Amino acid sequence: MALPYLSGSRRLRLAGIAVLLTFLVFFLGQHATIPDQARAAVPGSRGHGAQEATSTATATAKPNGGGTDPRPTLGNAFPIPTSEGLDEEKVDGGPVPVGTDGFALKEQEATPALPPDEAKAEPVPAPTCLDFLALQNQRPEPYSEGKRQFPYVRPPPECRTFKLPAMEALIERMKGVIKDPDLFRLFENSYPNTLDTMIKWRGFANATDSFSGESAVTDEELTYVITGDIDAMWLRDSASQVYSYLPLLEPSSDPDSLASLWRGLINAHARYIVISPYCHSFQPPPESGIPPTTNGAYSVNHPNPPYNPLEVFDCKWELDSLASFLQISAAYLARTNDLKFFAKYSWIKAVRAAVQAAADMRLGTYDAEGRVEKSAWTFTGYTDRGSETLTNDGLGNPVKENGMVRSGFRPSDDACIFQLLTPSNMMFAAYLEQASDIAEGLEADGNEEAVNLTGLMRDLAFGIRSGIARDAVVPHRDFGDMFAYEVDGFGSANLMDDANIPSLLAMPLWNFAQTDARAPNATMVKSIRGRSVARRSNETLTPEAEEQKSEQKPEQKAEEKADEKEQQLKLPQHDYSRVYQNTRAFVLSSANPYFAKGPALSAIGGPHLGPGKGWPMAAIVAGLTAYDALSGLGSEPDRDKVVAEQLFMVLNSTGGTGVIHETVNAWHESDWTRAWFGWANGLFGELILRIADDEEKRKIPSGEGILGRSWQD
């Protein structure tokens with residue numbers, strides 16, 4: 001039907017056409033910006049564009065608190081909360097405000113109002129960064145081209161919490177090494193996961209003047225690393241997560257370098273250990289402005305000494321937490337030779353606190369006359385889980401002193417049955433010895449704080465080794481002499497293994513079997529100025545006693561040395577290679593009470609999630625340790641078979657998510673826990689790099705070997 005104003009005279013018709021054209025031009029102009037947004041919002045769009053557009057529509061932007069945050073932050077950090085409840089995201093060198101929920105503020109809300117003559121131009125919204133769990137739920141494309149069709153779950157570059165060019169170069173190189181598309185996608189998603197999503201904050205420490213009370217920013221770097229879906233920093237987890245990147249660590253003073261991140265983590269660990277050496281997980285540094293995470297267990301758990309919940313997230317005495325601090329310290333020195341760093345801040349103080357805390361926990365339950373000794377640390381919890389509290393009003397089961405260090409809890413955060421936890425003691429002893437080179441170098445440089453620290457560390461390690469030799473190697477009717485997971489010094493032993501590291505299976509990773517173990521996994525730690533002959537005893541000496549000892553006459557020293565040699569001869573002599581091989585056979589079999597066996601995954605589990613739940617982490621460790629001579633897998637075909645079996649199980653245990661989980665039901669691949677678990681993902685990357693290194697050394701042709709084959713069958 002013709003419009004009325006088009007049916008009159010010619011002049012009216014022309015006027016009507018002009019009005020219609022004007023309307024069309026106006027209409028098209030108003031909608032000219034729609035297509036790009038509409039294309040981004042179409043479900044199934046490639047890559048992260050769809051995810052960002054969808055979240056932009058649903059995210060609630062927080063108002064800008066105004067003002068400038070005076071706290072300095074390191075440029076490669078995202079997000080960095082401010083005291084006004086905002087975070088700052090570094091994008092292309094400039095700060096972009098983001099809300100405390102992790103979402104970026106729209107630029108028009110984050111910037112001051114424009115003058116009237118400039119207000120016509122609409123600013124482009126800042127990119128919105130999803131929580132990693134939300135990102136996973138979207139299953140971003142492109143999918144891997146194999147039958148598993150793993151999604152690509154790395155955040156967009158502007159949303160990654162730490163950008164490391166060396167990581168991107170490595171991933172690009174591995175694309176030509178790993179021929180199977182699903183295996184490559186699993187590596188591509190997993191290995192950088194901590195750097196991509198869990199470096200929650202990086203910055204500098206504040207120092208308060210004791211006289212004026214004024215606070216000033218220092219040059220002490222700090223790094224806060226979360227475990228994934230739990231917003232707190234575990235000493236063990238954060239150390240292990242960052243340790244996976246050891247092959248990429250090199251000396252650097254660049255604040256955006258991995259070396260800077262590593263130093264920040266060591267400094268954060270040192271601060272926390274000084275605050276509470278018996279605690280294992282901690283709140284964000286106050287400098288970060290991130291509010292402390294509420295832990296519901298605080299009101300029902302009662303460790304003694306107590307802790308401040310604004311500083312500590314949870315407090316379970318786990319010896320491996322201190323071992324992990326020493327591990328990343330020794331590794332940093334080995335890769336950078338930066339000895340001076342350890343003299344600058346709180347490292348020496350933290351090591352002394354760690355050594356003292358551990359030495360105090362060597363005390364047995366009874367004194368020589370049978371009186372119950374006062375324990376340096378106790379723990380009770382009101383709980384319906386037996387693994388969440390200690391018996392005997394927080395003392396735990398009785399222990400007879402033997403030189404080993406009591407640990408209230410395992411690396412799984414479950415209570416020990418017998419508190420002389422063998423793998424944690426092994427790891428602690430090995431890294432005491434390795435990190436003692438740092439103390440030795442500092443003392444040789446004239447650092448007065450480090451005086452006698454080397455001897456204290458090596459003495460403690462020797463006492464632990466003596467206790468393990470005496471009580472932790474036990475006979476098994478089917479497997480022969482093997483390591484017990486836990487002992488009590490009275491003769492009781494717990495024969496099992498747990499998936500969490502340190503475990504009995506993982507023993508080769510810290511070279512405990514070497515009588516003078518001094519090597520992080522990737523690089524041998526060399527003595528800085530030549531190893532002095534360390535005293536060996538079961539007692540830690542005070543500085544005063546050390547001074548008296550240095551004044552001994554030569555005949556006294558000779559007599560003590562003879563006594564020491566006699567003491568060593570009294571210890572049982574073990575072939576640790578054979579003992580480990582027997583232990584390995586036991587823990588990887590159904591004889592281990594916590595070995596989960598099934599078609600989806602056959603691997604060690606533990607009481608943390610219960611029987612029948614295997615940990616992919618344990619399968620990865622079985623593959624990593626297969627390369628060590630201790631495993632007894634002498635021939636390359638035998639070793640390759642074991643590694644391939646473990647790798648295949650892990651590849652098939654992700655439930656289609658393309659990342660490594662905490663546990664998987666041995667009979668149901670889709671029944672898993674924790675979609676965001678950085679530790680296991682980093683370990684998987686370590687295994688892939690270990691395989692690649694081996695195949696490169698053996699000159700395996702491209703397209704062959706474990707990484708060159710297809711895993712689609």
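Here the structure is a predicted model, which is why all the values come from computation and not from measurement.
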| task | Starting from the C-alpha separation in whole Å, work towards a yes-or-no answer on side chain to side chain contact (heavy atoms under 4.5 Å, CB included) for K147 and Q712. | result | CA-CA 7 Å; K147 66 178 183 180; Q712 299 302 308; 3.2 Å; yes

Can you confirm whether [X] is buried at [atom1], in the sense that more than 12 heavy atoms of other residues, nucleotides or ligands lie under 6.0 Å from that atom?
| X | atom1 | answer |
| --- | --- | --- |
| K179 | NZ | yes |
| K699 | NZ | no |
| E168 | CD | yes |

Closest approach of [X] to [Y] (non-hydrogen atoms, all atoms of both residues):
| X | Y | answer |
| --- | --- | --- |
| I290 | W201 | CD1-CB, 3.9 Å |
| A622 | R584 | O-NH2, 2.9 Å |
| L326 | A435 | CD2-CB, 4.0 Å |
| A268 | M233 | CB-CE, 3.9 Å |
| L509 | L624 | CD2-CB, 4.3 Å |
| S653 | V664 | O-CG2, 3.3 Å |

Could you tell me the separation between the [atom1] atom of [X] and the [atom2] atom of [Y], rounded to the nearest 0.5 Å?
| X | Y | atom1 | atom2 | answer |
| --- | --- | --- | --- | --- |
| I620 | L683 | CD1 | CG | 5.5 Å |
| K597 | S602 | NZ | OG | 6.5 Å |
| Y243 | S238 | OH | OG | 14.5 Å |
| Y272 | N267 | OH | CG | 11.5 Å |
| W262 | T336 | CH2 | OG1 | 10.0 Å |
| N425 | L421 | CG | CG | 7.0 Å |

Side chain to side chain contact (heavy atoms under 4.5 Å, CB included) with T293: of D231, I230, I226, only one passes, and it is D231

Result for side chain to side chain contact (heavy atoms under 4.5 Å, CB included) between F677 and one of T227, N193, D237 points to D237

Look at the rings of [X] and [Y] and say which category their plane angle falls in: under 30° parallel, 30 to 60° tilted, over 60° perpendicular.
| X | Y | result |
| --- | --- | --- |
| H269 | F325 | tilted |
| W234 | H280 | perpendicular |
| W676 | F132 | tilted |
| Y191 | F187 | parallel |

Got a salt bridge between [X] and [Y], using NZ or NE/NH1/NH2 to carboxylate O under 4.0 Å?
| X | Y | result |
| --- | --- | --- |
| E318 | R236 | yes |
| R410 | D320 | no |
| R674 | D229 | yes |
| D640 | R698 | yes |

Partner of H608 under side-chain hydrogen bond (donor to acceptor under 3.5 Å, both in side chains), picked from D413, D414, T673, D498, is D414

Test item: [X] and [Y] side chains (from C-beta on) under 4.5 Å apart, heavy atoms:
| X | Y | answer |
| --- | --- | --- |
| L630 | T625 | no |
| L261 | R202 | yes |
| L689 | M174 | yes |
| W679 | E662 | no |
| P502 | P411 | yes |
| L651 | L183 | yes |
| L258 | S252 | no |
| L633 | Y627 | no |

Keeping [X] on the side-chain end and [Y] on the backbone end, is there a donor-acceptor pair under 3.5 Å?
| X | Y | value |
| --- | --- | --- |
| Y152 | N189 | no |
| D182 | R148 | yes |
| D497 | L504 | yes |
| D196 | R160 | no |
| T583 | V579 | yes |

Tell me whether the centres of the aromatic rings in [X] and [Y] are closer together than 6.0 Å.
| X | Y | value |
| --- | --- | --- |
| F282 | F313 | no |
| F483 | F586 | no |
| F648 | W711 | yes |

Test side-chain hydrogen bond (donor to acceptor under 3.5 Å, both in side chains) on T663 and W672 and set out the steps.
CA-CA 5 Å; T663 67; W672 46 261; over 6 Å; no

| task | Tell me, with the steps shown, if Q241 and M198 meet side chain to side chain contact (heavy atoms under 4.5 Å, CB included). | result | CA-CA 9 Å; Q241 288 168 251; M198 298 176 224; 3.4 Å; yes

Within 45° of the six-membered ring axis of F150 and under 6.0 Å from that ring's centre, is NZ or CZ of R185 located there?
no

TODO: Using the six-membered ring of Y332, assess whether NZ or CZ of R335 lies under 6.0 Å from its centre and within 45 degrees of the ring axis.
DONE: no

Ring pair (Phe, Tyr, Trp, His ring centres under 6.0 Å) filter on Y594, not counting sequence neighbours, yields none

Item to complete: Test side chain to side chain contact (heavy atoms under 4.5 Å, CB included) on N681 and T194 and set out the steps.
Response: CA-CA 8 Å; N681 282 276; T194 288; over 6 Å; no

Under 3.5 Å, is there a donor on one side chain and an acceptor on the other for [X] and [Y]?
| X | Y | value |
| --- | --- | --- |
| S260 | E221 | yes |
| S412 | N500 | no |
| S257 | D254 | no |

| task | Given side chain to side chain contact (heavy atoms under 4.5 Å, CB included), test I660 with L186 step by step and report yes or no. | result | CA-CA 8 Å; I660 311 299; L186 186 57; 4.0 Å; yes

